[in-house]
Amino acid sequence: MTVIDPDTPPAAWTLDAEADDEEMPLSTRLSIADTLTLGNATCGFMAVYFTTTGVLIPHLTGSEDGGMARHSAATAVMLMLLASIFDLFDGIVARKLRSSAMGAELDNLSDLISFGLAPAYFVLVWGMVANDAHQHVSALAAIVVLLAVVLRLARFSCVTLRDGIFQGMPSPFGALTLVSIVLLELPFIPTLLAIIGVAWLMVSRVEYPKPRGLLAVAMLSWIVLAMGMLAAWALDAPGGELLLQTGCALQVVLGAVIPLFATARRVNTFRDNRREARAAAQG
């Protein structure tokens with residue numbers, strides 16, 4: 001901390017301030033990408049807030065109104081979607097401009113809030129308000145989700161993979177799939193099994209492509225479309241319920257199909273390598 005002597009001329013004050021700025025470690029200076037990452041964390045926190053105030057508290061106090069709960073649930077999910085947009089753009093901005101030395105740590109911590117804590121809490125609250133749910137089992141499923149995201153993010157920081165590939169379902173995609181499963185309002189057991197399946201995919205070794213180029217545009221378009229579906233459902237627009245159910249079903253199907261294609265491609269690559277090795281050995 002710099003102590004300013006009132007007898008010191010103003011010019012000296014300026015020099016001291018400039019010196020302090022020059023001595024500030026680069027790791028403590030936020031970049032534009034870091035600001036987007038903090039927006040991601042803020043959205044995740046607000047998703048928890050709306051899930052609590054608009055869904056859980058009205059249920060516990062017996063003052064729930066179907067419209068308010070629907071509006072708050074939709075707002076919470078839209079905030080998770082907005083967090084995924086921040087997460088998409090902070091990587092693009094970091095590659096185009098620069099990121100601070102703490103950018104990777106900020107990204108992991110923000111992802112933990114928005115795509116770990118927020119969807120796990122959403123699952124927990126579902127287990128408390130759904131008619132056929134079992135609260136303690138749902139709490140266990142929420143813990144599994146949270147730990148899966150923690151392990152996935154920790155592994156991401158330690159394991160180096162080839163460029164353009166994620167190992168395990170990316171946490172934003174996993175969070176969107178989890179809330180889609182809950183919003184489908186299936187019977188308890190299928191919902192529980194699907195939630196555990198998504199948690200397993202996040203810590204699996206299934207390879208997923210990173211959202212770059214056309215894939216990033218497609219992902220952004222899908223997020224915006226999902227927000228529109230949620231808005232129609234929250235406002236009780238004609239066909240809004242059907243629209244939301246269709247969007248959630250498509251998201252769950254994507255979550256199931258992508259690992260199948262990735263596994264099939266990996267098996268085919270393994271077979272091709274074996275054929276090439278045999279041909280080289282015989283030749």
Side-chain angles (χ1 to χ4, degrees), residues 36-52 55 72-91 106-127 138 141-156 166-184 191-192 194-204 206 208-211 215-216 218-220 222-227 229-230 244 247-256 258-259:
L36 293 173
T37 303
L38 294 178
N40 170 5
T42 302
C43 288
F45 174 79
M46 292 306 296
V48 173
Y49 169 80
F50 277 100
T51 304
T52 303
V55 182
S72 297
T75 302
V77 177
M78 280 195 280
L79 282 164
M80 292 184 223
L81 290 168
L82 184 59
S84 66
I85 293 178
F86 279 121
D87 185 59
L88 177 66
F89 277 100
D90 70 1
L106 284 176
D107 190 56
N108 272 353
L109 292 171
S110 297
D111 286 355
L112 180 58
I113 296 171
S114 298
F115 313 125
L117 176 62
Y121 187 71
F122 198 80
V123 169
L124 177 66
V125 172
W126 158 74
S138 303
I143 292 172
V144 169
V145 168
L146 180 63
L147 293 180
V149 176
V150 170
L151 291 171
R152 195 209 174 284
L153 293 173
R155 185 177 65 184
F156 177 76
F166 284 125
Q167 191 177 75
M169 179 182 283
S171 51
F173 190 86
L176 181 54
T177 306
L178 284 167
V179 296
S180 297
I181 292 168
V182 172
L183 292 175
L184 278 173
T191 301
L192 181 67
I195 288 171
I196 298 300
V198 172
W200 176 81
L201 283 172
M202 284 195 282
V203 296
S204 71
V206 177
Y208 288 78
K210 288 186 178 180
L215 186 58
M219 179 180 172
L220 181 60
W222 176 245
I223 291 172
V224 173
L225 182 61
M227 286 183 167
M229 294 176 184
L230 284 162
L244 178 73
C248 290
L250 286 174
Q251 176 64 34
V252 174
V253 168
L254 278 174
I258 291 177

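Any value given below was found using the heavy atoms of this structure, including those in side chains, with hydrogens, waters and symmetry copies removed.
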Spacing of [X] atom [atom1] and [Y] atom [atom2] [to the nearest 0.5 Å]:
{"X": "L109", "Y": "L153", "atom1": "CG", "atom2": "CG", "answer": "9.0 Å"}
{"X": "L112", "Y": "R152", "atom1": "CG", "atom2": "CZ", "answer": "12.5 Å"}
{"X": "L151", "Y": "L147", "atom1": "CG", "atom2": "CG", "answer": "6.5 Å"}
{"X": "Q167", "Y": "F156", "atom1": "CD", "atom2": "CZ", "answer": "11.5 Å"}
{"X": "L220", "Y": "F89", "atom1": "CG", "atom2": "CZ", "answer": "5.0 Å"}
{"X": "L230", "Y": "L79", "atom1": "CG", "atom2": "CG", "answer": "10.5 Å"}

Does any part of the side chain of [Y], heavy atoms only, come nearer than 4.5 Å to the side chain of [X], both counted from C-beta?
{"X": "T191", "Y": "W126", "value": "yes"}
{"X": "V179", "Y": "Q251", "value": "no"}
{"X": "F122", "Y": "L183", "value": "yes"}
{"X": "M219", "Y": "F173", "value": "no"}

Show your working on side chain to side chain contact (heavy atoms under 4.5 Å, CB included) between L106 and L38 and close with a plain yes or no. CA-CA 8 Å; L106 284 176; L38 294 178; 4.2 Å; yes
Please check if atom CH2 in W222 has more than 12 non-hydrogen atoms from other residues, nucleotides or ligands closer than 6.0 Å. yes
Nearest heavy-atom pair of [X] and [Y]: which atoms, and what distance?
{"X": "M202", "Y": "R155", "result": "O-NH2, 3.7 Å"}
{"X": "K210", "Y": "F166", "result": "CG-CE1, 3.5 Å"}
{"X": "F115", "Y": "P172", "result": "CE1-CG, 3.6 Å"}
{"X": "V203", "Y": "A148", "result": "CG1-O, 3.4 Å"}
{"X": "L117", "Y": "L146", "result": "N-CD1, 3.8 Å"}
{"X": "G255", "Y": "L201", "result": "O-CD1, 3.8 Å"}

Go through the steps to decide whether M229 and L250 satisfy the test side chain to side chain contact (heavy atoms under 4.5 Å, CB included), and finish with yes or no. CA-CA 12 Å; M229 294 176 184; L250 286 174; 5.6 Å; no
Which side-chain N or O atoms in residues 44-51 pair as donor and acceptor under 3.5 Å with protein atoms at least two apart or in another chain?
| from | atom 1 | to | atom 2 | distance (Å) |
| --- | --- | --- | --- | --- |
| T51 | OG1 | A47 | O | 2.8 |

Which residue is it: N40, I223, D111? I am looking for the one with a side-chain contact (heavy atoms from CB on, under 4.5 Å) to S84. I223
Side chain to side chain donor-acceptor pair (under 3.5 Å) against D87, all qualifying residues, sequence neighbours excluded: none
With a 3.5 Å distance limit and no angle check, can you tell me whether S110 reaches the backbone of T37 through a side-chain donor-acceptor pair? yes
